[in-house]
Protein chains: 2
Amino acid sequence: MPRARLTPVSVTEAGAALIDEIGLEKFSMGLLAERLEVKTPALYKHVTSQADLVHRIAVRAMAEFADAIRDAIQGRAGSDALATGAQAMRTYVLEHPGQYAVGDAAAARATGPDDPIIPAVKRVVASWAAMLRGYHLDSSQEIHALRMLRSALHGFSTQEAAGGFQIDASVDNSFTWMINFLDRGLHDITATATAATTTRTPPPGGH
Amino acid sequence: MPRARLTPVSVTEAGAALIDEIGLEKFSMGLLAERLEVKTPALYKHVTSQADLVHRIAVRAMAEFADAIRDAIQGRAGSDALATGAQAMRTYVLEHPGQYAVGDAAAARATGPDDPIIPAVKRVVASWAAMLRGYHLDSSQEIHALRMLRSALHGFSTQEAAGGFQIDASVDNSFTWMINFLDRGLHDITATATAATTTRTPPPGGH
DNA sequence: GCGCATAGTTAACGTCATTAGCCTCCAGTT
DNA sequence: AACTGGAGGCTAATGACGTTAACTATGCGC
């Protein structure tokens, strides 16, 4: 049995892959050790606890997620940036459901400003904010549009990943429909920018 | 120590309350037994396993959730029904985060058509569908609008419940803003019903 | 008052996270 | 090439938790 096989990074990577395959509930140190062809206690030479390992996975996941969103939006603007970024998010969640779930949970209960997941979360928010800038929203509405976008994309992606959409046909169509809906609405806000912002905009007279 | 104190229902109710307080991760049979002033194995006289108990909690939660949505929408239509139903959902999730999470998870992996959670899920969907009918959408778009609505409301509520919105100020405003945005968009679809449905509707000429 | 079905109890087992203590391999020194 | 020290892996043990088995006691129907 040769030495120097595992490192904190390699353990984290293997854990990330495993958590995508079997989910956080079934994830265990024993399973990960087995996959690494090592006995369970060996893992503790590289991570201090299961909680520590999961947090490392979360940080790594959020960083990769931030990269994916940034790369998708890069060089695009407006509707194009929205559609591409949204698809990138959906793809990431579908391909890495466990990592996304863990990253999202860790971000929500991030301890302090020194938690290494915070920069990654900030990069995600910055990407979405940059994307929204293409719609020239009133600055007072940006925070609301951002939260709506996060909510809609997060909700759709996680429900799809969890198998929450019964008729699996046309989920693609539903997603693009939603993106079109959001895009149209964001454009209309800009178009009616001088009207009241907190009350409903009257429907346009016709097409 | 008198007899005949616990029942499957009372155990489920106590479990539901506990899971809201401490979350699914920290939930354990030992803690629930302690709260019921009983030793752990006593619970197994009323539920067959922890998985069984959690599933009972899920079914109960989904039924109560369905009731809340139905009651909120009852007797209302259009924008009013949307706003009230959405607030009812948000309130339920914020007040019962553990139960909602468990119910949602159970619904996603519902085994067969004989799973008792299915009727409850169907009632929820029926309520949303009835609400959407007030917007007179093209029938081909209903499924997409429904999924978008579920995604947005689910995403917003769960992220808020998890503490995912950093600046906690104005979360109320963000929610009503989102509801207004969705309402406006749904009205606009109806107004431009004869135009192409899968491509973006051109922005209205002006206000 | 008597029995018995049932709710609850104690004891025990298996699994998992975690820790302690040992062992062994290999890098760098000589 | 032998020496050594530290790092990485292993076995054994502990404690929490889910679960089962076997026992006990209680209160309802006769």
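Chain letters run A, B, ... following the sequence lines, proteins first and then strands; every chain starts at 1.
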- [ ] Please state how far atom CZ in Arg5(A) lies from atom C1' in dA7(D), giving the value in whole angstrom units.
- [x] 15 Å

Task: Closest contact, heavy atoms only, Ala72(B) versus Ala88(B) - done: CB-CB, 3.4 Å

TODO: Let me know the distance between CG of Leu43(A) and C1' of dA20(C), rounded to the nearest Å.
DONE: 17 Å

Open item on the list: What contact category does Ala42(A) fall into here, base, sugar-phosphate, or nothing, at under 4.0 angstrom with non-hydrogen atoms?
Closed with: sugar-phosphate

Open item on the list: Could you check whether Arg147(B) makes a cation-pi contact with Phe165(A), meaning its NZ or CZ is under 6.0 Å from the centre of the six-membered ring and within 45° of the ring axis?
Closed with: yes

Open item on the list: Rounded to whole Å, how long is the line connecting atom NZ of Lys39(B) with atom P of dA12(C)?
Closed with: 16 Å

Task: Smallest separation among heavy atoms of His46(A) and Leu6(A), with atom names - done: CE1-O, 3.1 Å

Task: Considering all heavy atoms, the nearest Met62(B)-Ala107(B) contact - done: CE-CB, 3.8 Å

TODO: Quickly work out the Leu18(A) CG to dC16(C) P distance and round it to whole Å.
DONE: 13 Å

Task: Residues Arg35(A) and Glu21(A) bridged, charged N to O under 4.0 Å - done: yes

TODO: Check whether any side-chain N or O of His46(A) sits under 4.0 Å from OP1 or OP2 of dA7(D), and answer yes or no.
DONE: no

Open item on the list: I need the NZ-C1' distance between Lys45(A) and dA17(C), as an integer number of Å.
Closed with: 16 Å

Task: Nearest-Å distance for atom pair CG/P, residues Leu36(A) and dG8(D) - done: 15 Å

Measure all distances between protein nitrogen or oxygen atoms and nitrogen or oxygen atoms of nucleotides 18-21 of chain D, and list the pairs falling under 3.5 Å.
| from | atom 1 | to | atom 2 | distance (Å) |
| --- | --- | --- | --- | --- |
| dG18(D) | OP1 | Met29(B) | N | 3.2 |
| dG18(D) | OP1 | Gln50(B) | NE2 | 3.0 |
| dG18(D) | OP2 | Met29(B) | N | 3.1 |
| dG18(D) | OP2 | Gly30(B) | N | 3.4 |
| dT19(D) | OP2 | Tyr44(B) | OH | 2.7 |
| dT19(D) | OP2 | Gln50(B) | N | 2.7 |
| dT19(D) | O5' | Tyr44(B) | OH | 3.4 |

Task: Side-chain ion pair, Arg90(B) and Asp172(B), N-O less than 4.0 Å - done: yes

